[in-house]
Structures are given as structure tokens and as C-alpha cells.
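Side-chain atoms are counted along with the backbone in the values below, which use heavy atoms only and exclude waters and symmetry mates.
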Amino acid sequence: QVQLVESGGGLVQPGGSLRLSCAASGNIVSIYAMGWYRQAPGKQRELVATISRGGTTNYADSVKGRFTISRDNAKKTVYLQTNSLQPEDTAVYYCNADVGTYNPSYSRGDYWGQGTQVTVSS
């Protein structure tokens, strides 16, 4: 029905950067808030950043000033620019979206991508 596909993860040295992307597809009427979460080994999934349909952003304190979330509504895509990466940023990063669909009637739900691994190591 709705698919979220992340890309852009990988291995990077401390201080490096990565740009994550998440594209939504399916029988989509509207996409409301979108966001990025992460889960490190042995830890619970945590919020990284969110962005409203109108562009209002919210960040976890641990990434403020280093990460930037943005979205392209026409492309149904959300991005996460990650700079000054540190080993503690190592995690699987998940995309999340609040999506309205019409199949056959209107409904609204919360969807997740499959995750993309970010590893920060020298």
C-alpha cells in the first residue's frame, strides 16, 4: 500500500558526512509529518528529527547543529544531511511518515522504512 525506501547509509570516518534519503510510494493522497529515527545495538529506537508538511523541524538535542532534515513534497521524499558524524551516531536509521491513502476510502496511518545502516568508525 505505502512503501518507504531509505538509501544513503554506509561506513564513514569520524567527522565525515552522509546524506540519507527516503522516498515514499504507493496509493498516497497526502504525506503529513515525516521523520528519521535511529536504533543502535542494544538500545531503543530514538527520534532523530522530524519535519512537518509545511517545513517545521524538530531535532534531538544530540544532533542539533550537525544534522539537517528537509523534504521535497513533489518527490514524496525526505532527506537527512548528517555532518560531523561521531561513533555514537552509529545505528540503523529508519524513515517514518504519517500518510493519508485512499483505497477505497480515505485512511491515515504511520509507516516505516526498512532502515539503512550508518557506521561511523576509523
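The two atoms that bring Ser70 and Val78 nearest to each other are O-CG2, 3.2 Å, heavy atoms only. The shortest non-hydrogen separation linking Leu80 to Ala49 is CD1-CB, 4.4 Å.
For Lys43, there are no salt bridge (Lys or Arg N to Asp or Glu O under 4.0 Å) partners at least two apart in sequence or on another chain. Every residue meeting the side-chain hydrogen bond (donor to acceptor under 3.5 Å, both in side chains) condition with Tyr32, not counting sequence neighbours, appears here in chain and number order: Tyr106. Remark: Gln114 pairs with Glu6 by the side-chain hydrogen bond (donor to acceptor under 3.5 Å, both in side chains) rule, at least two apart or across chains. With sequence neighbours left out, Thr101 forms a side-chain hydrogen bond (donor to acceptor under 3.5 Å, both in side chains) with Gln1, Ser107. With sequence neighbours excluded, the residues satisfying ring pair (Phe, Tyr, Trp, His ring centres under 6.0 Å) with Tyr37 are Trp112. In this view, Asn27 satisfies the side-chain hydrogen bond (donor to acceptor under 3.5 Å, both in side chains) rule with no residue, not counting sequence neighbours.
Within the model, atoms OG1 of Thr57 and CZ of Arg71 stand 12.0 Å from one another, a figure rounded to the nearest 0.5 Å. Summarising the geometry, atom CD1 belonging to Ile31 is positioned 4.5 Å from atom CD1 belonging to Ile28; distances are rounded to the nearest 0.5 Å. Here the straight-line distance linking atom CG of Leu85 with atom OG1 of Thr90 works out to 8.5 Å at 0.5 Å rounding. Put simply, CD1 on Ile69 and OG1 on Thr56 are 11.5 Å apart, with the number rounded to the nearest 0.5 Å. Rounding to the nearest 0.5 Å places CE of Met34 at 11.5 Å from OG of Ser52.
Judged as a salt bridge (Lys or Arg N to Asp or Glu O under 4.0 Å), the pairs with a partner in residues 104-122 (not counting sequence neighbours) are, in order, Asp98-Arg108. Legend: ring pair (Phe, Tyr, Trp, His ring centres under 6.0 Å) pairs involving residues 55-100, not counting sequence neighbours: none detected. Each salt bridge (Lys or Arg N to Asp or Glu O under 4.0 Å) pair with one or both residues in residues 73-94, not counting sequence neighbours, appears once here: Arg38-Asp89, Arg66-Asp89. Screening residues 88-122 for disulfide (SG to SG under 2.5 Å), with sequence neighbours left out, gives Cys22-Cys95.
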Throw together a table of side-chain donor-acceptor distances under 3.5 angstrom for residues 115-122, partners on residues two or more places apart or in other chains.
unit_1	atom_1	unit_2	atom_2	d
Thr116	OG1	Gly9	N	3.3
Gln117	NE2	Ala91	O	3.4
Gln117	NE2	Thr119	OG1	3.3

In residues 11-20, what donor-acceptor pairs under 3.5 Å come from side-chain atoms, sequence neighbours left out?
unit_1	atom_1	unit_2	atom_2	d
Ser17	OG	Asn83	OD1	2.9

